[in-house]
Amino acid sequence: MAQKGPLPGFRDFYPEDLARRAAIFRAWRAVARRYAFVEYDGPPLEPLELYTAKSGDEIVGQLYNFEDKGGRAVSLRPEMTPTFARMVAARANALPKPVRWFSVPQLFRYERAQRGRLREHFQLNVDIVGEPSELADAELLCVAIDIMRELGLGPNDVRARVSDRRLLNALLGAIGVTEAQLGTAYGVLDKIERQPHDVSREKLAEAGLAPAQIERVMALPDISTLDDLERDFGQVETAKPAIAQFGRYLAHLHALGVEAWVDVDLAIVRGLAYYTGTVFELFDAKGELRAICGGGRYDNLLGQLGGVELPALGFGMGDVVLGELLKAHRLFDDDAVDGPDFWVVSTEHCAPASVLRAAASLRRMGYAAEYVLNEEKLRSQKSSAQIKAAERAGAVWLMVLRDDTRVEVRPLSRAPGGEARDGAEVLLHDLMEPERGLAVLAEAGVPAPRED
RNA sequence: GUGGCUGUAGCUCAAUUGGUUAGAGCACCAGACUGUGGCUCUGGGGGUUGCGGGUUCAAUUCCCGUCAGUCACCCCA
C-alpha cells in the first residue's frame with residue numbers, strides 16, 4: 001500500500017500538512033520570544049562520539065548513524081542537548097547569564113515507528129543555563145504551558161505533571177531506600193500506571209525492601225499537594241530543605257498564573273542519567289497520548305558534555321504528539337493553506353496581456369496573484385468559471401478586467417467583511433506604479449500585503 | 001530487536017458459505033448549466049485487491065513468506 005511512500009517513520013508534508021506544522025512552529029516561536037528566548041541552531045549531522053561519549057555504545061542501536069565518505073562515524077542528531085551544550089560551553093565565559101535559548105531542530109532516531117513516535121520529528125528545545133534558582137524552573141514550565149494556551153488548549157485538555165529528583169531522593173531516603181535500591185524504586189514509580197501493582201511490589205521486594213517500605217514507596221504517587229508532603233514527611237529533618245524548595249517552585253508557578261494546569265506527581269521520573277532537580281511532563285488530560293513535552297533541571301550535564309560547571313534546565317516538545325492532540329481537538333484551521341490575495345479574471349473585452357500586466361503590478365506591490373495559466377482559457381473561458389477556480393484556490397480578492405484599461409476589484413468570500421460588499425472600479429494604469437497602486441487598492445478596501 | 005492485530009481507487013468503505021468484466025460516496029479531470037461565485041447535471045481518468053508464492057476448476061476471500069501500518073514490550077537522551 002505505502003510502497004512508494006517515504007521511508008518508514010518519515011513523513012511527506014503535503015501543503016495542508018505543512019500548514020499545520022507551520023502553525024505549530026509559529027506558536028512555538030511566538031511564545032519562546034514572548035519569554036525573551038532567542039533562537040539558535042546547529043548541524044543536523046554530528047560526530048557519533050557526541051552521543052556515545054556519555055551514554056555508552058548501547059545507544060547506537062537507537063541512532064540514525066553511518067560512516068560518511070571520509071570514513072567518519074557520524075549520526076543524525078537524536079537530540080539537541082549535546083549540540084546545545086557544546087555551543088554554550090564554547091562561549092561559556094562570554095555569554096551573559098542566564099542564557100535563554102531555543103531551537104526547533106529536526107531530530108532522528110532509528111527505532112520502530114509507533115503512533116506519536118516516528119524516526120524523524122521536529123522538537124522545540126527551550127533551555128536556560130546559569131541559573132540555579134527555582135524561579136528559572138517555574139519560568140521554563142510556564143513557557144511550555146503558555147504554548148498550550150497559544151494553540152487553544154486549556155487546563156482541561158492538558159495537564160502538567162511536576163516532580164523533583166532532589167525531593168524524591170529525600171523522600172525515598174526517609175523511607176530507608178538505599179542508594180543501591182534507588183534505581184529500582186525509580187523504575188517502579190515510572191511504571192506505576194502501566195504495570196500491575198503486584199509486579200511493582202515484587203520488584204521492590206526483590207531489591208530488598210521490607211514490606212512496610214514497599215507500601216510507603218507505592219503510596220508516593222498519592223501525594224498530590226504540598227500539604228500531603230508536609231503531612232507525610234514534614235517531620236523528617238532530611239526532607240525539609242527539598243520540600244521547602246519544591247514549595248517555592250509551586251509558589252512561583254502560582255504567581256505566574258499557571259497553577260490550574262499543574263499536578264504534583266512523584267511518579268514523573270524521566271531519564272535517570274540526566275535530570276538532577278525538577279522534572280515535568282505535559283500530557284493530554286485524557287491520558288490517551290504519549291507525553292507532549294518533557295523536561296527538567298540537569299545541573300551536571302554541561303559539566304559532563306561541555307566541561308563547564310553551569311546549572312541548566314530545559315524541555316523538549318515534539319510536533320508529532322502535539323499535532324495529534326490538536327487534530328483531536330479540531331484546533332487546526334480548516335483552510336490553513338494560503339490562497340492568493342488576488343485572482344485576476346479575464347473577460348471577452350480584454351486581451352490576455354492585460355491580465356498579465358495586472359498580475360505583474362499586483363506582484364510588484366507584494367500581493368500574491370494568480371490567474372488561469374492557459375492562454376486558450378484566458379481568451380475564451382467564461383468569467384464564471386474563472387471565479388469558481390478563484391474561490392477554490394482560496395483567493396481573497398478578484399480583479400476582473402472589464403476591458404484593457406478598467407479593472408474591478410471585488411471581494412470574495414474570504415475577504416474581510418465577507419462577500420457582501422460591491423466591487424470598486426480602478427484604472428489599470430493606476431496600478432502600474434506600486435506606491436500609487438497600493439493607495440488605490442487601499443481605497444477599494446484592500447488591506448496592505450502581509451509582511452511575511 | 002521480540003510478540004499481537006491489520007492491509008481493496010488519493011480518502012472513507014462495499015463485494016452472499018471462495019464463483020463472471022472488484023463497486024459506491026467524496027476527491028480529481030472535461031463539458032453543460034447557473035446571464036458574476038463552493039449548487040445542479042452529464043461524462044471521464046484512476047485498482048495486476050501491498051508484494052511474492054501455495055492450495056483450488058476458481059482466491060479480495062484459505063495457507064506461508066515478505067513489506068508496510070498499528071498496538072504492546074524494550075527504550076525514551
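These numbers come from a predicted model, not from an experiment. Below, read A as the first sequence line, B as the second, and so on, with proteins coming before strands; counting in each chain starts at 1. Hydrogens, waters and symmetry mates play no part in the numbers below; they use all other heavy atoms, side chains included.
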I want to check one thing: is the phosphate of [N], taken as OP1 and OP2, less than 4.0 Å away from some side-chain N or O of [X]?
X	N	result
K191(A)	C76(B)	no
R392(A)	C29(B)	yes
K382(A)	C33(B)	yes
R270(A)	A77(B)	yes
Q62(A)	A77(B)	no

Select one nucleotide: of [options], the one nearest the side-chain heavy atoms of [X].
X	options	result
A113(A)	U70(B), A72(B), A68(B)	U70(B)
S413(A)	G1(B), G37(B), A77(B)	G37(B)
Y274(A)	A72(B), G38(B), A77(B)	A77(B)
R109(A)	G37(B), A77(B), A72(B)	A77(B)
P8(A)	C75(B), G38(B), G69(B)	G69(B)

Write down the distance between [atom1] ([X]) and [atom2] ([N]), rounded to a whole number of angstrom.
X	N	atom1	atom2	answer
E391(A)	G38(B)	CD	P	8 Å
Y51(A)	A77(B)	OH	C1'	10 Å
W343(A)	U36(B)	CH2	C1'	16 Å
D12(A)	C11(B)	CG	P	13 Å
K388(A)	C41(B)	NZ	P	12 Å
Y110(A)	A77(B)	OH	P	22 Å
E376(A)	G31(B)	CD	P	11 Å

Criterion side-chain hydrogen bond (donor to acceptor under 3.5 Å, both in side chains) against R297(A), the qualifying member of T278(A), T276(A), D137(A):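 Result for side-chain hydrogen bond (donor to acceptor under 3.5 Å, both in side chains) with R297(A): D137(A).
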Is there, by distance only and without an angle test, a donor paired with an acceptor across the side chain of R115(A) and the base of C71(B) below 3.5 Å?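 No, the side chain and the base share no sub-3.5 Å donor-acceptor pair.
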Any donor-acceptor N/O pair under 3.5 Å between G3(B) base and R112(A) side chain: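 Indeed, a donor on one side and an acceptor on the other fall under 3.5 Å apart.
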Rounding to the closest angstrom, what is the interatomic distance between [N] and [M] at atom [atom1]?
N	M	atom1	value
U61(B)	U17(B)	C1'	11 Å
G50(B)	A32(B)	C1'	40 Å
U21(B)	C39(B)	P	37 Å
U60(B)	C5(B)	P	23 Å
G47(B)	U36(B)	P	39 Å
U8(B)	U48(B)	P	13 Å
U42(B)	C33(B)	C1'	11 Å
G7(B)	U66(B)	C1'	13 Å

Determine, for K327(A) against D284(A), whether the closest basic-nitrogen to carboxylate-oxygen distance falls under 4.0 angstrom.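 No, this pair does not count.
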Test item: [X] and [Y] side chains (from C-beta on) under 4.5 Å apart, heavy atoms:
X	Y	answer
D404(A)	L428(A)	no
E408(A)	V426(A)	no
L153(A)	L326(A)	yes
E391(A)	L412(A)	yes

All side chain to side chain donor-acceptor pair (under 3.5 Å) counterparts of E375(A), not counting sequence neighbours: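 Residues passing side chain to side chain donor-acceptor pair (under 3.5 Å) with E375(A): R379(A).
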Heavy atoms under 4.0 Å, any strand shown: does G116(A) hit a base, just sugar-phosphate, or nothing?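 The residue G116(A) makes no contact with any strand.
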RNA chain B: R194(A) or L7(A), which has the more 5' nearest nucleotide?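 Going by which nucleotide is closer to the 5' end, it is L7(A).
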Taking for each residue the nucleotide of RNA chain B with the nearest heavy atom, is it Q381(A) or S384(A) whose nucleotide lies nearer the 5' end?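 Comparing both residues, the 5'-ward one is Q381(A).
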Would you say Q181(A)'s side chain and A207(A)'s backbone share a donor-acceptor pair under 3.5 angstrom?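 Side chain of Q181(A) to backbone of A207(A): a pair is present.
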Any chance the rings of Y249(A) and F280(A) have centres within less than 6.0 Å?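 Not close enough - the centres of the two rings lie 6.0 Å or further apart.
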Could you provide the dot-bracket string of RNA chain B, using ( ) for intrastrand pairs, [ ] for crossing pairs and | for bases paired to another strand, with Watson-Crick or G-U pairs below 3.5 Å? (((((((..((((.....[...)))).(((((.......))))).....(((((..]....))))))))))))....
